[in-house]
Amino acid sequence: MLEKTFDPKSVEPRLYAAWEASGAFKPSEDPNAEPFVIVIPPPNVTGSLHIGHALNNTLQDVLTRFHRMRGKAALWLPGTDHAGIATQMVVERQLAAQGNIGRRDMGREAFVDKVWEWKAESGGAITNQLRRLGASCDWSRERFTLDEGLSAAVRKVFVQLYKQGLLYRDKRLVNWDPQFQTAISDLEVEQKEVDGAYWHFAYPLADGVTYQHPIAFDDEGKPTEYETRDYIVVATTRPETMLGDTGVAVHPDDERYKGLVGKFVTLPIVGRRIPIVADDYADPTKGSGAVKITPAHDFNDFQVGKRAGLEVINILTVEAKLNGAVPAEYVGMDRFVARKAIVARAEEEGWLKEIEKTKHMVPHGDRSGVVIEPFLTDQWYVDAKTLAQPALKAVESGETVFEPKHWEKTYFEWLRNIEPWCVSRQLWWGHRIPAWFGPKFDGAANRASPNEFEIFVAETEDEARQLAYDHYHALRMERHDIDVLAGKPDSADFMKLLDRFWNHGGPIPIWRDEDVLDTWFSSALWPFSTLGWPEKTADLAKFYPTSTLVTGFDIIFFWVARMMMMGIHFMGEAPFKQVFINALVRDEKGAKMSKSKGNVMDPLILIDELGCDAVRFTLTAMSGQARDIKLSKQRIEGYRNFGTKLWNASRFAQMNECVRVEGFDPATVQQPINKWIRGETVKTVAEVTQALEAPAFDEAAGALYRFVWNVFCDWYLELAKPILNGDDAAAKAETRATAAWALDVILKLLHPVMPFITEELWGKTAEFVGPARDTLLISAKWPELPAEWIDAEAEAEIGWLVETVGEIRSIRAEMNVPPSAKPALSVVGAGPETKARLARHRDLLLTLARLDSAREAEAAPAGSVPIVMGEATGALAIADFIDLAAEKARLTKEIAGHAGEIDKVNKKLGNPDFLARAKEEVVEENRERLAEAEAAKAKLEAALSRLESVG
RNA sequence: GGGCAGUUAGCUCAGCGGUAGAGCGUCUCGUUUACACCGAGAGGGUCGGGGGUUCGAUCCCCUCACUGCCCACCA
């Protein structure tokens, strides 16, 4: 006998082990099996499973299990991401907590070793948590973004892009994170609104220049009054940057300042003479219309500086402290301390004109949370604009489809306005950039330039060395020809340097770039690097491109778009056929879950409390499209109850010896209820299959829920009871076999969503009764049932029965007829069909509606209550319980309801336009509706008048 | 400033041209041997406002309002 309730805690680990041991997680090797492939969005190796992962991975598992059961070679490829900054942070924190020396004291190699140590110990946490979720990943193919193979792929991609001119080194402003002291990409910058101010500074004009500044205006905005100024006002939100100002810009058409273009101001504190330039960037309507230009510390100013040929003066250190380029008293000062100091000094010296309090957006590092500084450095950039074009085309053409479709707009928007991608990071944990530097020889000066280098990009150091050799050798030959042969005397030093490398006999003195790559660089290769690229592996041939990517919208830019770019560029084909964007999980009030708010729901705790299946079903059912998921525990409990319901239905089946019969053919069933449930099962299979193909997870879950609970349990099992308890051996045997069959189909359909309880029942039902199962449920075949098994007649008949029972129950409840009372039902005016149905299902009617009898009659007995039964009228003899007034009210209300319906339909049918233009079947449907409503109304009116004549 | 999404029963959401639905919650009744993590029944909505298209609009179009998110913006 099945236990009274399902115990997930003991079952889940056992079944997971059984699945894994059976080899079911590996894709079928049947050469005819069509592949179905999902690559997991690799969670950070530092991560632990949160509810978002639970949703995302549940959906992937549902798809994988579904397609596996359908006979596809289903591969769900798992892995983790090395997560550069995040992991480096975790390990640094751990080192600090253990009282170890810091990263910098430890040195790069030792630190990286520590990170690997940490990874070996703690890095597997999240994959074990995925197992607890029931994830049927092929663990034998698990990858890590920093493993040997993926590192080789990264090097190859880097070198190829470099050779193709799609990756280059450039000196420009980057988003600099002073906490981690690394560049970050635009995407890693978060704009946050903070309280700030515009500080208006008066910069004195140099060389005794003055001008007339308008101070009063007429109604048309024309200046009427001027004052003479020997200064120009600029405003800033970052006063400390003024130390790096190298110009002031005004709009070329700004009348106020026309005369000042080409003049100079004397920068306060610094004393630098800087020009006033004309540039469209200056907006006459903003502030004073004049803007200070700090090319080294502002993206816009950098551009203005470039156009106007302004000097670029970097005033910050990597820690965002003021460097030696500023007056001595500020050197080494923190940027925010300097801000205050400068404002104080401006006030003191009288050039602070105004402080305008304001809120404005300030860029912050998404990991560090500190304010980002635009900072002038050399970094590596990917030419994203070029790579984006085919990625755009792939989605435009439908090669790759987003689901829901509207996310394509987001994808397009970003790719169409894409900027170069800064991929170098000044970190230690990550893929070290395969680029080597060598001295650059300045031909004119004939010596190695201290700040410029030759770059040699290669997959290995040996290759880089070879490149360097070739380069310097060619250079040596060339210079030899040009300079030495031409007898130029100043060639000597230059040649000496080159000769030193050669004649020394030692290796070419090149050194490797210290930087590592953005974590997302390796993630971008995930769909093909994990399958073995650049090797031509069997997996790569079979499983690329993948089928569906399931991920959150928050990483469409970070990850999806970049995989599209890299996948198409290196594989010639987009990496996915479909991108399914899942919703964001929020708490029950709709707030984003966060540790600081304390509203985090830990999926592992929920699994402990309510079982994995309940959590999975909830997430599946709630994964409607394009919306946040507001998750409440109550909801999960509801689906836990659903599992229990299924469990109990199975117990019922078992108690009633509903044994699977080998070779049972549902096509042969005779009993109406069996024909009916057979048809309902067929419909559900079709519905669930279609929903999972789309995929529309919520629809699949909804269809399963309704079928199992509201159809199979509420009606089929109830309808089966009289037969199962009756004497008709043939009917009993047929019903037992049908019930067992339907239950098997249910287990299969439900398995992708609720793998544990269904697998357990699959095993248990075979253990107690029926023939042994030849496979685990995970490997069972998805049902395919013929549409002919839907029997319209059985459907109509059971529909009639269900409706009649419902009517009677409703009246009993409304009239407060006690459950113990068993009234008689008289059926008046029945046609042959109703008579036949009444005869066939009399027992069921008596049981389900708790009746004493149900017979045909000539007329309704006095004091009975009418029920519409198609063409016939049922009369329920509950005279003893009737409150006359209440019954009159009930009838009146029902009659009014029908009257309203009749009015509405009559209006429609009376409209000639409707008759002329509406579809024929719609008109017909309305005619039928009218007839039905009129008949029902007539019956109830007759009953009401009888009641009134009595009363 | 630009873009996207949403606004349907108390709550959470489905429906997306032809009779307004589900789950939860609420109320009433019920220990009939699968299940109280249950069963039966009931109440509850002028489908955000205003226009338009249509024989017909919750559904299509326009517009307004509100909510959420993304991108841009440090004078």
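Heavy atoms only: backbone and side chains are in, while hydrogens, waters and symmetry mates are out. Naming convention: chains lettered A, B, ... in sequence-line order (proteins, then strands); numbering from 1 in each chain.
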Using a cut-off of 4.0 Å on non-hydrogen atoms, how would the nucleic acid contact of [X] be classed: base, sugar-phosphate, or nothing?
| X | result |
| --- | --- |
| Glu814(A) | nothing |
| Ile372(A) | base |
| Lys353(A) | nothing |

Distance between the C1' atoms of rC29(B) and rC66(B), in whole angstroms?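 Between the two C1' atoms, the distance is 43 Å.
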If the P atom of rC71(B) is compared with that of rC59(B), how far apart are they to the nearest Å?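 Result for the P pair: 32 Å, nearest Å.
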Detail all sub-3.5 Å separations between protein N/O atoms and N/O atoms belonging to nucleotides 16-18 of chain B.
none

Counting just side-chain N and O atoms, does Ser810(A) come under 4.0 Å of either OP1 or OP2 of rA42(B)?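 Yes.
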Decide if atom CD of Gln690(A) counts as having more than 12 heavy atoms of other residues, nucleotides or ligands within a radius under 6.0 Å.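 No, the 6.0 Å shell around CD holds no more than 12 heavy atoms from other groups.
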May I ask you to verify whether the side chain of Arg640(A) and the base of rC37(B) hold a donor-acceptor pair under 3.5 Å?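 Flag set: donor-acceptor pair detected.
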Whole-Å gap separating C1' (rA14(B)) and CE (Met622(A)):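 Those two atoms, CE and C1', are 12 Å apart.
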Just how far, in rounded Å, is C1' of rC70(B) from CG of Leu415(A)?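 From Leu415(A) CG to rC70(B) C1': 14 Å.
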Taking the six-membered ring of Phe412(A) as reference, does the cationic atom of Arg416(A) (NZ for Lys, CZ for Arg) lie under 6.0 Å from its centre and within 45° of its axis?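 So Arg416(A) does make the cation-pi contact.
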Minimal non-hydrogen separation, Ala614(A) against Thr618(A), with atom names: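 Nearest heavy atoms, Ala614(A) then Thr618(A): O-OG1, 2.6 Å.
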Where RNA chain B forms stems, i.e. three or more consecutive Watson-Crick or G-U pairs with both distances under 3.5 Å: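 Counting only runs of 3 or more consecutive pairs, the stems involving RNA chain B are B:1-7 with B:65-71, B:10-13 with B:21-24, B:26-30 with B:38-42, B:48-52 with B:60-64.
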Does a side-chain heavy-atom distance below 4.5 Å link Leu876(A) with Ile808(A)?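 They are in contact (side-chain heavy atoms under 4.5 Å apart), so the answer is yes.
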Please confirm whether the ring centroid of Tyr705(A) lies under 6.0 Å from the ring centroid of Tyr639(A).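 Centroid separation for Tyr705(A) and Tyr639(A): below 6.0 Å.
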Taking the side chain of Met361(A) as its heavy atoms from C-beta onward, which of rG41(B), rU12(B), rC73(B) lies nearest to it?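 Side chain of Met361(A) sits closest to rC73(B).
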Would you tabulate the pairs of protein nitrogen or oxygen atoms and nucleotide nitrogen or oxygen atoms of nucleotides 31-36 of chain B closer than 3.5 angstrom?
unit_1	atom_1	unit_2	atom_2	d
rA34(B)	O2'	Asn648(A)	OD1	3.2
rA34(B)	O2'	Arg651(A)	NH1	3.3
rA34(B)	N6	Cys713(A)	O	3.4
rA34(B)	N6	Glu718(A)	OE2	3.1
rA34(B)	N3	Asn648(A)	O	3.1
rA34(B)	N3	Ala649(A)	N	3.3
rC35(B)	O4'	Asn648(A)	OD1	3.4
rC35(B)	O4'	Asn648(A)	ND2	3.4
rC35(B)	O2'	Asn648(A)	ND2	3.2
rC35(B)	O2	Lys645(A)	NZ	2.8
rC35(B)	N3	Lys645(A)	NZ	2.9

